[in-house]
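Reminder, nothing fancy here: chain letters follow the sequence lines and each chain counts from 1.
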Amino acid sequence: MAIEMLYFAWVRERIGLDREMIDPPDEVATVADLIAWLAMRSPGHAEALADPERLRAAIDQSFAGMEASIGKAREVALFPPVTGG
Amino acid sequence: MAIEMLYFAWVRERIGLDREMIDPPDEVATVADLIAWLAMRSPGHAEALADPERLRAAIDQSFAGMEASIGKAREVALFPPVTGG
Amino acid sequence: MIRVCVQRESFAPGALLEELEAVGGGGVASFTGIVRGEGDLVELMLEHHPAMTASAMREIADRAAQRWPLLGVILVHRYGALVPGDRIVFVGVAARHRAAALESCAFLIDWLKTRAPFWKRERFADGRTRWIEPRAEDDRAAARWEV
Amino acid sequence: MIRVCVQRESFAPGALLEELEAVGGGGVASFTGIVRGEGDLVELMLEHHPAMTASAMREIADRAAQRWPLLGVILVHRYGALVPGDRIVFVGVAARHRAAALESCAFLIDWLKTRAPFWKRERFADGRTRWIEPRAEDDRAAARWEV
């Protein structure tokens, strides 16, 4: 099942992409799994995603924890903690 | 020593004056003494000043307690608790 | 920048905010008090102690500026006859950070309520008038800032 | 009345306050966040998650309206390239009484800081850039509203 990945802030800068379509294998079940799997795609991905504790995620435009299931996600965003206001 | 009295809000309405000059005798030493002495001036004064707990005072434009000395006061204001804002 | 105004006429909160935005801080907080039109209120008359009001407000502003690192304070308080919808009071504060701006803004309006020499008389559609009594709630709100 | 705006252009706090003054409450509180020009900052770039930002802000506004009796909420958040002195964010709240207006205003800005999907990159006179890290202070400020 294809998922659109969105990257923001330094995650976007290090990966060098603001979005990409991916098709992870079935064993990639959670956001944490997805991050580990994506980290293998390129040196930029590896650098951006090296420290999952510094990352946050949103699934289909809602904030999601690292253990959230990506089962039915059409869009997953990865980014640093937000700094609004 | 002459003192200018100022009255505000319902104290002013009940006394029927917004200001008056007074010359209290020497034994009138504090704000509380002054209130008791003024209450004898007219039925309006008596009504306005009947309940000193509902009154507040300022001496020469600074809030003052009931036991404050009026010794050197040029102006004393009596009024209900303030409701600014 | 500390400015205190006691005036009969209304004021423009937007222009006051712009002045506070210009002092170089990261945050501007404001509170505007407005006459609510409840229970057939037709007029709110604000009486004050003219010789004392500005200095009492200035003392309150100085107190806030001692307690928080503020870059600007503007206090405006009206007196005279107001009608529902009219602005009564404006408190505006500029600071480097938002916590100082928001906290001092709350402090300033709480202290104006209980320490600025104003009295308010309501007049209703049937001609009845009533002097507003201080609310215990306002005393509690002011008391939380005592150190 | 709840309104949420995510926009590149600036906004006029005075006009927003007037809308909030018109809803019939007794108090309007506001907070405006401004780009501070410190340490040779020449630009603050705000990036956001366009598909998500307005709904995240709306959720924050709804949360405030559930918690306090509010008559109006306006949230405006800018994105794009800003310079020192520019407005970033506006929070405005109208309520019958001041406590609800002031508290919810503080809540709204605290939650926007930690729950609205924005990221800020500073650019300095020497060309260096830096992504702003969340401050522990902001997390603590947001946490005090947890029930």
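In this structure, chain B has a heavy atom under 4.5 Å from the side chain of C/His77, while its backbone stays farther away. Within the 4.5 angstrom heavy-atom criterion, no atom of C/Glu59 approaches chain B. Looking at B/Arg56, there are no atoms closer than 4.5 Å to chain C (heavy atoms on both sides), in backbone or side chain. Proximity to chain C (any heavy atom under 4.5 Å) is restricted, for B/Ala77, to the side chain, taken from C-beta onward.
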Start with the C-alpha gap between B/Glu13 and C/Trp131, add the side-chain angles, then the distance that decides, and say whether side chain to side chain donor-acceptor pair (under 3.5 Å) holds.
CA-CA 11 Å; B/Glu13 287 183 339; C/Trp131 287 95; 2.8 Å; yes

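Between chain B and the options C/Lys113, C/Met45, C/His48, C/Arg115, heavy-atom pairs under 4.5 Å are most frequent for C/Lys113. Chain B forms more heavy-atom pairs under 4.5 Å with one residue of C/Ala51, C/Ser55, C/Gly33 than with any other, namely C/Ala51. Interface summary for chain B: among C/Glu47, C/Glu133, C/Arg78, the most heavy-atom pairs under 4.5 angstrom belong to C/Glu47.
A distance-only check finds no donor-acceptor pair linking the side chain of C/Glu43 to the backbone of C/Val83 [under 3.5 Å].
We find the CD1-OH distance between B/Ile15 and B/Tyr7 to be 4.5 Å, quoted to the nearest 0.5 Å.
Using bins of under 30°, 30° to 60° and over 60° for the plane-to-plane angle, the ring pair B/Phe79/C/Trp119 lands in the tilted bin.
Under the 4.5 Å side-chain criterion, counting only non-hydrogen atoms from C-beta, C/Ile132 is in contact with C/Leu44.
Checked options C/Pro13, C/Ser10, C/Cys5; the residue passing with C/Val76 is C/Cys5 (criterion: side chain to side chain contact (heavy atoms under 4.5 Å, CB included)).
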